[in-house]
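Computed from heavy atoms alone, side chains included, the values below leave out hydrogens, waters and symmetry copies. Note that the coordinates shown come from a computational prediction; the quantities given were computed from them, not determined experimentally.
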Amino acid sequence: MKSGRLQTLINQVNTIINGTGMALPLNVITNKDLEEMVETSDEWIVSRTGIRERRKLEEGMSAVDLAERASLEALKAASLDPLALNLIIVATVTPDYPTPATSCLLQARLGAFNAGAMDLSAGCTGFIYAMTVGHQFIQSGVCRNILVVGVEVLTRITDWEDRGTCVLFGDGAGAVVLSASDEDRGIISHSIKADGRGAELLLVPGGGSAMPASLESISKRAHYIKMNGNEIFKFAVRVVEDTLEEMLRKEKLKPSDLDFLILHQANLRIIEHIRKRLKLPREKVPVNIDRLGNTSSATIPIAIHEELTAGRLHKGDLVAMVAFGAGLTWGGLLMKW
Ligand code: ACO
């Protein structure tokens, strides 16, 4: 890698990803299935979003079930006993319950009884936020091993009568084990940002203290995602470019130095727009939205896991990740794999 920052990765504690995992429901919902439910077409969905199918979690299962499967795979890949975990961070907007945190349910499932546990709510940027928080705990010397999970069961807060949103979302989980390492690799830089003035652009109005569940809130369909897609689209293109530019400039790097740019999967048009502007070849910018839809905080860890297990991601590769989402929030991470 050509970064001056490489020097500072030497002789200090670095934060590496030591294992990855993912979990998907078996149920597939195709665009044809959606044609039966709302006034839409396969052609519209594919041309406007790039999505062909998405997964829907089976009845009777919840976020912790997906999180557990992804986490067990990540722990196995890292060859780590759950008791060696110091912290579990679950990024989600679809926890099992308002309280307690899904991370606590996961801690019990894994038997990770030496780990603290917390959930983090930052919309689709949740995984980047959670990685950044985990990195701070490792850098400060407080933790050596942290499980970071992005998990969503968005189909449970999707309005199946709203064609503007129901075609977009899917369920899934991705997990990584972050570990302290003296190897000359790991997280190089990070950026997390928010602009709460855009909170109403992507909102679930009901179910919190502002509008507790009531017969009225249910009849207004207030417990489902409401989204201003056009505004989010414009915001996304702007902040993804700015975040990446800022991270690369700080490290004196160019887009062409990247081996991978892993973008949040919200719309293939956003991904393709960024890829073309940066003149990156397709193989450097992974896509899973066509098969999985937008799985929010799970899109990036799933993409990482898929690239790794396909043998395309190698030690020493320079990887950038950028996400955006409800809040509004956005952020990025740069790491030497
Ligand atoms: N099928 C057919 N027609 C549709 C559908 C559908 N599923 N959905 C909307 N339309 C119609 C609209 O009603 C509109 O019709 P009109 O012109 O008669 O009014 C027309 O298609 C165009 O609608 P637009 O909203 O302008 O379509 P656009 O090209 O912007 O695509 C989309 C909409 C796909 C939602 C896009 O704006 C988008 O992807 N935005 C980003 C969303 C996003 O990233 N959300 C996730 C954020 S992350 C998180 O935290 C979850």
Residue pair [X] / [Y], side-chain heavy-atom distance below 4.5 Å:
X    : Y    : value
P25  : K56  : no
F235 : V239 : yes
D171 : L154 : yes
D162 : Y224 : no
L248 : K254 : no
T295 : Q265 : no
L105 : P100 : yes
E272 : R282 : yes

Please list all pairs meeting ring-ring contact (aromatic ring centres under 6.0 Å, His included) that have one or both residues in residues 147-202, counting only residues at least two apart or in different chains.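 ring-ring contact (aromatic ring centres under 6.0 Å, His included) check on residues 147-202 returns H135-H190.
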
If I take atom [atom1] from residue [X] and atom [atom2] from residue [Y], how far apart are they, to the nearest 0.5 angstrom?
X    : Y    : atom1 : atom2 : answer
L66  : L57  : CG    : CG    : 5.0 Å
H273 : L263 : NE2   : CG    : 11.5 Å
T20  : L308 : OG1   : CG    : 4.5 Å
L147 : S103 : CG    : OG    : 10.0 Å
F127 : L120 : CZ    : CG    : 12.0 Å

Candidate list D317, D184, D259, test salt bridge (Lys or Arg N to Asp or Glu O under 4.0 Å), partner K336, passing option: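 In the set D317, D184, D259, the residue that makes a salt bridge (Lys or Arg N to Asp or Glu O under 4.0 Å) with K336 is D184.
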
Do I128 and V90 sit in the same hydrophobic cluster, where Ile, Leu, Val, Met, Phe, Trp and Tyr count as joined when their side-chain heavy atoms come under 4.5 Å apart?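 The answer is no; the residues belong to distinct hydrophobic clusters.
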
Do L292 and L268 share a hydrophobic cluster, counting only Ile, Leu, Val, Met, Phe, Trp and Tyr and linking them when any side-chain heavy atoms are less than 4.5 Å apart?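 Shared cluster, no.
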
Please check if atom [atom1] in [X] has more than 12 non-hydrogen atoms from other residues, nucleotides or ligands closer than 6.0 Å.
X    : atom1 : result
K76  : NZ    : no
F137 : CZ    : no
R156 : CZ    : yes
R277 : CZ    : no
R144 : CZ    : no

Contact summary for [X] and [Y], nearest pair of heavy atoms:
X    : Y    : value
I300 : A323 : CD1-CB, 3.8 Å
L334 : A320 : CD1-CB, 3.7 Å
G331 : T243 : C-CG2, 3.8 Å
D42  : K32  : CB-NZ, 4.5 Å
N145 : S179 : OD1-OG, 2.7 Å
L333 : M247 : N-SD, 3.5 Å

Donor + acceptor pair across side chains of T40, E35 (<3.5 Å):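 On atom types as modelled, these side chains do not qualify, holding no pair under 3.5 Å.
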
Check whether S191 reaches the backbone of G332 with its side chain - one donor and one acceptor, N or O, closer than 3.5 Å.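 Not at all, since once roles are kept as given, no pair shorter than 3.5 Å links the two residues.
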
Donor-acceptor pairs under 3.5 angstrom involving side-chain atoms of residues 197-214: please list them, not counting sequence neighbours.
| residue | atom | partner | partner atom | Å |
| --- | --- | --- | --- | --- |
| R197 | NE | D195 | OD1 | 2.9 |
| R197 | NH2 | D195 | OD2 | 3.1 |
| S214 | OG | E216 | N | 3.3 |
| S214 | OG | S217 | N | 3.0 |

With sequence neighbours excluded, tell me which residues meet side-chain contact (heavy atoms from CB on, under 4.5 Å) with E39.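 For E39, the residues satisfying side-chain contact (heavy atoms from CB on, under 4.5 Å) (neighbours in sequence not counted) are R163.
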
Set out, in order, the CA-CA distance, both residues' side-chain angles and the distance that settles side chain to side chain contact (heavy atoms under 4.5 Å, CB included) for H264 and T125, then state yes or no. CA-CA 8 Å; H264 170 49; T125 322; over 6 Å; no

Before accepting this row, confirm whether a basic side-chain N of the pair E161/R221 lies closer than 4.0 Å to the acidic partner's carboxylate O.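 Here E161 pairs with R221 in a salt bridge, since their nearest N and O are under 4.0 Å apart.
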
